[in-house]
Amino acid sequence: MGTERKRKVSLFDVVDETSAKLVKFNGGSAGAGSNLINRWNGRPYSQRYYEILEKRRTLPVWHQKEEFFQALKANQTLILVGETGSGKTTQIPQFVLDAVDLDGPDKRRKYMIGCTQPRRVAAMSVSRRVAEEMDVTIGEEVGYSIRFEDQSSARTVLKYLTDGMLLREAMTDPLLERYKVIILDEAHERTLATDVLFGLLKEVLKNRPDLKLVVMSATLEAEKFQGYFHGAPLMKVPGRLFPVEILYTEEPERDYLEAALRTVTQIHMHEPPGDILVFLTGEEEIEEACRKIHKEVANMGDRVGPVKAVPLYSTLPPAMQQKIFEPAPPPLTEGGPAGRKIVVSTNIAETSLTIDGIVYVIDPGFAKQKVYNPRIRVESLLVSPISKASAHQRAGRAGRTQPGKCYRLYTEKSFNNDLQSQTYPEILRSNLANTVLTLKKLGIDDLVHFDFMDPPAPETLMRALEVLNYLGALDDEGNLTKLGEIMSELPLDPQMGKMLVVSPKFNCSNEILSISAMLSDEDPSWCYENFVNHRALKSADNVRQQLARIMGRFNLKLSSTDFNSRDYYINIRKAMLAGYFMQVAHLERTGHYLTVKDNQVVHLHPSNCLDHKPEWVIYNEFVLTSRNFIRTVTDVRGDWLVDIAPHYFDLANFPPCEARRKLEKIYKKRERDREEEKDTK
DNA sequence: GACGGACTT
């Protein structure tokens, strides 16, 4: 069949010049005489292939193709720095395909090239683009793999996947033996998964001399990467951005929101046409800013053109998000002042979404960032100053289609002296219980000596180990137990994983499965005009199915207590406690709740749906906002605590407090009951 | 009496 196609093609009238060039660009790897045949699927190239090829050749990274080949050939690890527009994400993996031999030792099995992305959408859209460039079908020779969707096949030679997905694959394929080359893209973002992959790959490379690693990053922190990867060579690729003029304020601004709005109106009045992108920190602030912009511009009357202020944040429904791509409004009257689009966005526009046509960026210098307090095991969001790298990225958003301007609402001195150069990697700002469980499953026994690029605080690791030990996922020697094994396979936090795994014992796994799915996904009670969010329910159902499949693999039975039984809800609450016994709060005589053992004063979040204040509650989340809130709470009973988690509520290891005294009473009553029982016998 | 920056398995 293949021969027939080849014959047809040799008669095919293709522009000679293109095919001649093609031989050269395909290198020696395309089979002899097959320059018009796509080596990946044996089909003749389409006209579109040649059209795209012309454009690809103009990408900055193409000028360094030979240099890249040499570096890849000579080294096991390679670091590549390329700014926005260099074409690295789409081109480098294709260069790698041209440079390496994917045949396995027995010739039957072919190796793959894997390229990680921090985000699902990116993995999906980039792989589609590359499939088009290579003139192959997506899901065949070029594919992608993200949660809920595996678009790859036995023929796949290049696979884009989320970094979290590669980490999952490593659980079953510790030496990543399906891969010949792994490319970690967007490494500067330092996601939790990428950071774990760094350390893991360093180990794997030692045991797989034939495996190669390419680390791609957008910043010069690459020199740090170089040090980490034993002085791997660094290749720099220029980006393709228009110049962006940076403007600072003379004095520090007291109120960044007010300053941002003032800057918007000034640009609108005095600057040439071009859209504006304003970075703010959250939904509420953004909606308020949009309202104020419309109001202020309306007050200016006909002197200025019309504006369309559009909000942008991740929880905005997709249809509303699409509005950022609509054009600016036309002038009110023919020949009148031009209209302007003003996108008011969170950090989502810094990395995940690119909007063409932005000429002005307003950067107040703040973002909400996660911080973790290992002492009380609480993660919270805090509005905090951004890093220099982040400011640089924001500014770049103004230069995608023409020269632009970036207004930094802070002084140049502040930029130089106060901003840290890089954002703290996520691994230093997170609860690591889940990460530690993953590492254990990956066979990393000695966490203290695991080669993290930035080692987390020892206390954070200790707290994570402690939590996993209390849950029974790790034994006292720190080894993964059978329970821990199952928990590591579930895409859930350890507490929730434990709750789900033990739920069959409480005869309520159907219900706990639903609860887990609903809690681990976006919240559908954030309803839109009192209707339950359909998309959120669909996605919770998706999660539920995935969890049910994994439970099936471990022979965990799906069961329910009779709905009319008085034990129906009791069993569910007990199963929840079996996972969440470390997140208990006790109602003190003062009327306040105090978290057990950590002794933090907390308040029931107003969104709770209890009709009374129970003496003991377990909570799903501790949120630090205007006060310490515990959110999504469930009423539990004191004697369940000592039944279900006696090892945690062990009085020998318990600070003196009201909760302790209550537990003492329960233990004493237990003793009395036992003795009475003895006497009656 | 009031909350989700961005992501991922």
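Labels below follow one simple rule: chain letters A, B, ... track the order of the sequence lines, proteins then strands, and each chain is numbered from 1. Note that the structure is predicted; figures quoted are calculated from it, not measured. Basis for what follows: all heavy atoms, side chains included, without hydrogens, waters or symmetry-related copies.
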Problem - Residues which pass salt bridge (Lys or Arg N to Asp or Glu O under 4.0 Å) with Asp454(A), listed by chain and number, not counting sequence neighbours - result: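 Salt bridge (Lys or Arg N to Asp or Glu O under 4.0 Å) check on Asp454(A) returns Arg190(A), Lys224(A).
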Among the nucleotides [options], which one has an atom lying closest to any side-chain atom of [X]?
{"X": "Leu381(A)", "options": "dT9(B), dG5(B), dC3(B)", "answer": "dG5(B)"}
{"X": "Glu426(A)", "options": "dT9(B), dA2(B), dA6(B)", "answer": "dA6(B)"}
{"X": "Ser352(A)", "options": "dT9(B), dC3(B), dC7(B)", "answer": "dC7(B)"}
{"X": "Arg168(A)", "options": "dC3(B), dT9(B), dC7(B)", "answer": "dT9(B)"}
{"X": "Asn434(A)", "options": "dC7(B), dT9(B), dC3(B)", "answer": "dT9(B)"}

Find the distance [X]:[atom1] to [N]:[atom2] and express it as a whole number of Å.
{"X": "Leu197(A)", "N": "dT8(B)", "atom1": "CG", "atom2": "C1'", "answer": "12 Å"}
{"X": "Glu379(A)", "N": "dC7(B)", "atom1": "CD", "atom2": "P", "answer": "16 Å"}
{"X": "Asn542(A)", "N": "dT9(B)", "atom1": "CG", "atom2": "P", "answer": "12 Å"}
{"X": "Leu442(A)", "N": "dT9(B)", "atom1": "CG", "atom2": "C1'", "answer": "12 Å"}
{"X": "Glu149(A)", "N": "dT8(B)", "atom1": "CD", "atom2": "P", "answer": "13 Å"}
{"X": "Glu186(A)", "N": "dT8(B)", "atom1": "CD", "atom2": "P", "answer": "13 Å"}
{"X": "Leu490(A)", "N": "dT8(B)", "atom1": "CG", "atom2": "P", "answer": "19 Å"}
{"X": "Leu184(A)", "N": "dT8(B)", "atom1": "CG", "atom2": "P", "answer": "17 Å"}

Handout entry: Donor-acceptor under 3.5 Å (Thr460(A) side chain, Pro374(A) main chain)
Key = no
Between [X] and [N], is there a side-chain N or O to OP1/OP2 distance below 4.0 Å?
{"X": "Arg120(A)", "N": "dT9(B)", "result": "yes"}
{"X": "Thr191(A)", "N": "dT8(B)", "result": "no"}
{"X": "Thr162(A)", "N": "dT9(B)", "result": "yes"}
{"X": "Thr625(A)", "N": "dC3(B)", "result": "yes"}

Fill in the blank from the handout: Which of Arg120(A), Gln117(A), Glu169(A) passes side-chain contact (heavy atoms from CB on, under 4.5 Å) with Leu161(A)? It is Glu169(A)
Practice task
State yes or no: are the ring centers of Tyr256(A) and Tyr410(A) separated by less than 6.0 Å?
Solution key: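 Tyr256(A) vs Tyr410(A): aromatic centres not under 6.0 Å.
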Completion exercise
Residue pair Val121(A)/Arg429(A) against DNA chain B: nearer the 5' end by closest nucleotide is Arg429(A)
Handout entry: Along DNA chain B (nearest heavy atom to each residue), the more 5'-positioned of Ala367(A) and Phe629(A)
Key =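 Between the two, 5'-proximity favours Phe629(A).
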Problem - Distance under 6.0 Å and angle within 45° of ring axis: Arg394(A) vs Phe279(A) - result: yes
Practice task
Only counting residues at least two apart or in another chain, list the ones meeting side chain to side chain contact (heavy atoms under 4.5 Å, CB included) with Leu382(A).
Solution key: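 Leu382(A): side chain to side chain contact (heavy atoms under 4.5 Å, CB included) contacts with Val371(A).
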Practice task
Could you tell me whether Thr438(A) contacts a base, only the sugar-phosphate backbone, or nothing, with contacts defined as non-hydrogen atoms closer than 4.0 Å?
Solution key: nothing
Practice task
Select base, sugar-phosphate, or nothing to describe what Arg119(A) touches, counting heavy atoms under 4.0 Å on all strands.
Solution key: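 Sugar-phosphate contact only.
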